[in-house]
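Working notes, structure below.
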Amino acid sequence: MMSRNYFSAFAAVLVAIAMAAMSTPAPAREAAGADLLSPVSVQAALDSAYVQFKDLKEGANADYIPALAKVDSNIFGIVLVTTDGRVYTKGDVTSEVSIQSISKVFTMAKVIEEQGPAAIESNMGVDATGQVFNSINAVEQYKGAEMNAMVNPGAITATSMVSGSSREEIWNKILDYYSDFAGRKLSVNQEVFKSESETNQRNQAIAMLMYAYGHIKADPLRATDIYTEQCSVNVNAKDLATMAGTLANGGTNPLTGKVVLQSSYVPNVLAVMATAGLYDDSGKWLYTTGLPGKSGVGGGIIAVSPGKFGIAVISPPLDAAGNSVKAQKAIAAVSNALGGNPYAVTPTSRGK
Ligand code: GLN
């Protein structure tokens with residue numbers, strides 16, 4: 001009995017390896033970074049991170065937006081999408097949470113697509129604030145300049161810059177753009193939108209200040225309202241990983257083939273994610289992973305290994321900086337196992 005089980009397990013591994021070898025064309029695998037990204041190793045990395053962190057109890061759901069406190073804290077899903085269009089999943093990949101601040105990446109991308117990278121640099125800046133995401137001190141420090149589109153003042157300013165002749169036109173454009181990144185039609189979590197609209201006075205104040213300093217030129221309260229709606233878009237871990245995978249793949253969605261963002265603009269987006277995507281903990285994150293990333297208080301984090309993969313994890317409990325505890329740990333473990341850090345290079349020569 002024992003030896004039969006042993007034999008069938010062995011046979012299953014052989015079959016898995018053979019299938020893996022057949023399912024991915026060799027040139028694609030080479031481009032993606034050789035065998036570290038083979039189907040067997042990617043799935044093993046996801047499985048092991050899931051097992052390692054699933055019972056971790058640190059952190060707590062965001063509760064300054066009342067609807068977020070009610071989200072199931074046990075949701076835990078990991079998805080990785082390679083630039084050659086393979087999708088790997090582990091855990092809960094169907095539960096949806098609100099995208100929250102991860103939306104900031106894609107609205108910034110929309111503004112860059114419409115107006116070019118200089119518009120972002122000159123309106124809110126591309127420098128880390130080193131402060132929490134809704135810091136008013138950060139606005140005051142340089143009169144709303146020298147910040148970035150990953151913290152609320154810069155993000156609401158970016159939303160105010162999306163062109164359109166009515167709120168509806170601007171909103172539809174934003175939602176369609178996110179949907180193109182995700183590869184499916186996304187929709188708004190109305191309960192979260194309502195809850196956050198009733199409690200977003202601080203963001204309204206931030207938008208007013210950005211207006212007073214001349215960075216927001218449209219109606220600041222309308223910009224805050226659209227920003228609040230964009231934060232309420234529902235996503236699952238696969239949506240987020242596909243969005244990240246699109247950035248990893250130079251702006252073309254690896255599952256649908258649609259060119260969503262011109263490839264020459266992708267480095268601008270990734271640079272701001274790298275310096276400010278996890279707010280005041282962005283340095284720590286980059287030190288551990290080397291990956292441009294972005295978190296949201298809904299519990300999601302995305303990270304991009306350029307040319308290789310996008311990865312997303314959803315797990316609502318957050319640390320003090322507002323970043324998902326499990327998502328940070330799981331993404332770091334998976335990426336480091338798969339050689340995802342773009343700064344980690346094996347020497348190829350020892351000189352002459
Ligand atoms: N909608 C949230 C806010 O503005 C987003 C914050 C976040 O995810 N860090 O407060």
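Computed from heavy atoms alone, side chains included, the values below leave out hydrogens, waters and symmetry copies. Counting starts at 1 for both ligands and their atoms, in listed order.
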Review point. With ILVMFWY side chains joined below 4.5 Å, transitively, what does Val81's cluster contain besides itself?
Key: Val79, Val87, Val93, Leu255
Review point. Does Ser160 reach the main-chain N or O of Ile216 with its side chain, forming a donor-acceptor pair under 3.5 Å?
Key: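 No; zero donor-acceptor contacts below 3.5 Å.
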**Study point:** All side chain to side chain donor-acceptor pair (under 3.5 Å) counterparts of Gln115, not counting sequence neighbours
**Key:**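 Checked Gln115 against side chain to side chain donor-acceptor pair (under 3.5 Å); zero matches.
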**Study point:** Where at least one partner belongs to residues 111-139, residue pairs that pass salt bridge (charged side-chain N to carboxylate O under 4.0 Å, His left out), sequence neighbours excluded
**Key:**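 Passing the test, one end in residues 111-139: Lys110-Glu113, Glu114-Lys173.
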Between ligand 1 and the protein, which N/O pairs are shorter than 3.5 Å?
| residue | atom | partner | partner atom | Å |
| --- | --- | --- | --- | --- |
| ligand 1 | 1 (N) | Gln100 | OE1 | 2.7 |
| ligand 1 | 1 (N) | Glu196 | OE1 | 3.3 |
| ligand 1 | 1 (N) | Glu196 | OE2 | 2.4 |
| ligand 1 | 4 (O) | Asn152 | ND2 | 3.0 |
| ligand 1 | 4 (O) | Asn203 | ND2 | 2.8 |
| ligand 1 | 4 (O) | Tyr227 | OH | 2.8 |
| ligand 1 | 8 (O) | Ser101 | N | 3.0 |
| ligand 1 | 8 (O) | Ser101 | OG | 2.7 |
| ligand 1 | 8 (O) | Val297 | N | 2.8 |
| ligand 1 | 9 (N) | Ser101 | OG | 2.8 |
| ligand 1 | 9 (N) | Tyr279 | OH | 2.6 |
| ligand 1 | 10 (O) | Tyr64 | OH | 2.5 |

Check your understanding: When rounded to the nearest 0.5 angstrom, what is the spacing between CD in Glu191 and OG in Ser232?
Key -> 10.5 Å
Review point. So, Tyr279 and Lys294: side-chain donor and acceptor under 3.5 Å apart, yes or no?
Key: yes
